[in-house]
Amino acid sequence: MAFWLLADLLILLASAAESVAGQPAASCQARCGDIDIPYPFGIGPNCSRGKGFEIACNPQNDSGEMVPTLAAANGTIHVQSLLVAPIPEVKVMLPVAYQCYYSNNSITDSFYGEVDLNNKGVYRISDSRNMFVVIGCNTLSYTQNGNSSGKGPYAGLYYTGCVSYCNDSSSARDSMCAGVGCCHVDISPGLSDNIVSFGPWPRGFQVDFSPCDYSFLVDKKEYEFRSADLKMDLNRTMPVWLDWAIRDSVTCPPLGVQEKKPAGYACMSDNSECVNSTNGPGYYCKCKQGYDGNPYVDKDQGCKDINECDVSNKKKYPCYGVCNNIPGDYECHCRVGYQWSGEGPKKQECSSKFPLAARLSLGTYAPQHFFKKYMK
Ligand SMILES: *[C@@H]1O[C@H](CO)[C@@H](O)[C@H](O)[C@H]1NC(C)=O
Ligand SMILES: *[C@@H]1O[C@H](CO)[C@@H](O)[C@H](O)[C@H]1NC(C)=O
Ligand SMILES: *[C@@H]1O[C@H](CO)[C@@H](O)[C@H](O)[C@H]1NC(C)=O
Ligand SMILES: *[C@@H]1O[C@H](CO)[C@@H](O)[C@H](O)[C@H]1NC(C)=O
Ligand SMILES: *[C@@H]1O[C@H](CO)[C@@H](O)[C@H](O)[C@H]1NC(C)=O
Ligand SMILES: *[C@@H]1O[C@H](CO)[C@@H](O)[C@H](O)[C@H]1NC(C)=O
Ligand SMILES: *[C@@H]1O[C@H](CO)[C@@H](O)[C@H](O)[C@H]1NC(C)=O
Ligand SMILES: *[C@@H]1O[C@H](CO)[C@@H](O)[C@H](O)[C@H]1NC(C)=O
């Protein structure tokens, strides 16, 4: 409670200073290229919830195609998708970190992944969706949460990494990322940046087949090791999922407070609810059960009742009888002349009242025939 009151004050101050809009203006651009930009994200100063949610939309140099990037990041971070509900996730492309060597062991070239994507604190690296991968033939690499100086907002709270070795050019195998040429580890929640270090291990004959060490975060499902990657392009990027949240308070406001929609509270839709963030402080919003839409905006754009009876929803919301949509839910009952059987008409066909009666009268005569006729 105390947290929230303090946060409330901060938000009031912040909104006075930055004019954080509660809603996007109608004139705001809803797409960039073929990517949807739902609020609280937005393009331009008055279209998003604020810094961290701002998306830049610029033409790509070679093709001229419009591509969204995180505006608050200090490098070019391409956005692949922005998901608002039910789970708040953003998919971005992050650069691969590397360190390359001459055979005399001195370093020719390096990049340690320093991209400040998180300077407004909105994002955390998804621990459920990503892994940390290290590639090389005498390589220790680890990622840390921010700054090795121990200063700054995300100073070193977390360290994780692994060791990879190969003695010759043929020992690394495609699809095998278990310590020979490639290793990978799960990451912990709470990582807000990816600043990589490489162990100072001696390099010699390996530079012929493994000239560089690489490490990167990547979607667990989207990377499979190839031995050719021991010589991968230095400018490669990898798909990474970020969890985002409203971080200007530590948790959801208490139940009595949520309904009043205090200044700065993000769950604007009447049919939305607040969920505590599971990766970092803060909260996110989702539509109440039976509703669908954007919980961060109100009125028509917000969470709307799902018509479970619509033909297109039949698979997800089955009804073997007469379907009736009601706010937040649906009813399903058996047609006249039919009755509940088993778990009811949402789960299985209603049974006709007639054949049951028929069975009672006919069953004694010809049970075999009856079953063939009625019980298919
Ligand atoms: C953004 O909002 C500010 C304050 O409300 C206003 O002065 C400014 O004109 C707006 N800018 C745009 C591009 O709409
Ligand atoms: C893209 O174009 C801009 C301006 O024309 C230039 O400054 C930038 O270096 C180019 N980027 C790449 C990756 O070629
Ligand atoms: C972004 O910020 C980090 C750390 O603050 C810095 O090391 C890096 O060089 C910056 N990158 C760019 C492209 O400005
Ligand atoms: C290592 O080799 C490179 C390229 O041949 C050379 O430029 C560099 O001075 C050498 N470093 C040392 C410490 O010998
Ligand atoms: C790392 O620490 C330095 C020195 O305190 C600070 O200037 C810099 O902003 C910090 N970087 C990050 C990413 O926190
Ligand atoms: C490791 O590689 C070196 C150089 O190719 C070779 O001489 C040596 O026999 C290899 N060791 C093992 C254990 O395979
Ligand atoms: C990456 O570098 C290679 C050459 O090293 C170049 O051919 C390629 O166009 C570069 N890709 C990007 C996206 O800059
Ligand atoms: C969020 O976390 C706080 C503190 O742990 C707890 O009191 C509150 O009930 C949680 N709210 C929700 C909606 O889970």
Side-chain angles (χ1 to χ4, degrees), residues 1-11 22 40 49 52 83-89 98-112 121-124 126-128 136-140 157-158 169 188-192 197-214 230-231 233-234 242-298 302-303 328-329:
M1 176 87 85
F3 279 137
W4 174 251
L5 293 176
L6 176 62
D8 228 4
L9 267 175
L10 292 174
I11 290 163
R49 184 179 164 87
L83 305 180
V84 154
I87 307 287
E89 289 179 318
Y98 56 84
Q99 183 162 279
C100 302
Y101 307 85
Y102 293 117
S103 55
N104 65 12
N105 211 25
S106 63
I107 293 167
T108 66
D109 203 359
S110 65
F111 167 66
Y112 300 117
V122 168
Y123 304 101
R124 293 292 182 276
S126 167
D127 56 299
S128 56
C137 281
N138 197 11
T139 306
L140 160 71
L157 280 172
Y158 298 103
S169 58
S188 78
L191 275 178
S192 53
S197 302
F198 292 98
W201 285 5
R203 205 55 54 117
F205 65 93
Q206 286 112 333
V207 293
D208 292 338
F209 54 89
S210 172
C212 304
D213 295 337
Y214 306 92
L230 287 168
K231 292 182 169 181
D233 266 359
L234 296 184
L242 307 176
D243 294 324
W244 62 270
I246 308 295
R247 310 250 189 224
D248 34 36
S249 75
V250 174
T251 62
C252 291
L255 277 176
V257 176
Q258 285 178 23
E259 287 72 21
K260 294 184 191 129
K261 296 185 184 166
Y265 182 52
C267 309
M268 289 304 291
S269 176
D270 286 339
N271 295 308
S272 70
E273 59 192 21
C274 185
V275 184
N276 286 334
S277 163
T278 52
N279 194 356
Y283 67 90
Y284 62 92
C285 312
K286 69 171 193 185
C287 291
K288 285 182 178 155
Q289 193 176 355
Y291 293 83
D292 198 10
N294 186 340
Y296 299 89
V297 297
D298 64 5
C303 302
D329 205 353

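Both ligands and their constituent atoms are indexed starting at 1 by order of listing. None of the values given here were measured: they were computed from a predicted structure.
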Exercise. Which residues satisfy the side-chain contact (heavy atoms from CB on, under 4.5 Å) test with S210, sequence neighbours excluded?
Worked result: C137, L230
Exercise. Which bit of C274 is near ligand 8, meaning a heavy atom under 4.0 Å away: side chain, backbone, both or neither?
Worked result: backbone
Problem set entry | N276, any N or O under 3.5 Å of ligand 8 N or O | yes
Exercise. Does D270 pair with K261 as a salt bridge, N-O distance under 4.0 Å?
Worked result: yes
For this session: Kindly tell me which protein residues have any non-hydrogen atom under 4.0 angstrom away from an atom of ligand 4, grouped by chain and ordered by number?
Result: Y102, N104, S106
Exercise. Is there side-chain contact between R49 and V122, with heavy atoms separated by less than 4.5 Å?
Worked result: no
Exercise. Do S169 and D208 come within less than 4.5 Å of each other through their side chains, counting heavy atoms only?
Worked result: no
Exercise. Between C274 and C267, is the SG-SG gap under 2.5 Å?
Worked result: no
Problem set entry | Member of T108, D213, D109 meeting the side-chain hydrogen bond (donor to acceptor under 3.5 Å, both in side chains) criterion with Y101 | D213
Problem set entry | Expected output: side-chain Q258 to main-chain P253 donor-acceptor under 3.5 Å | yes
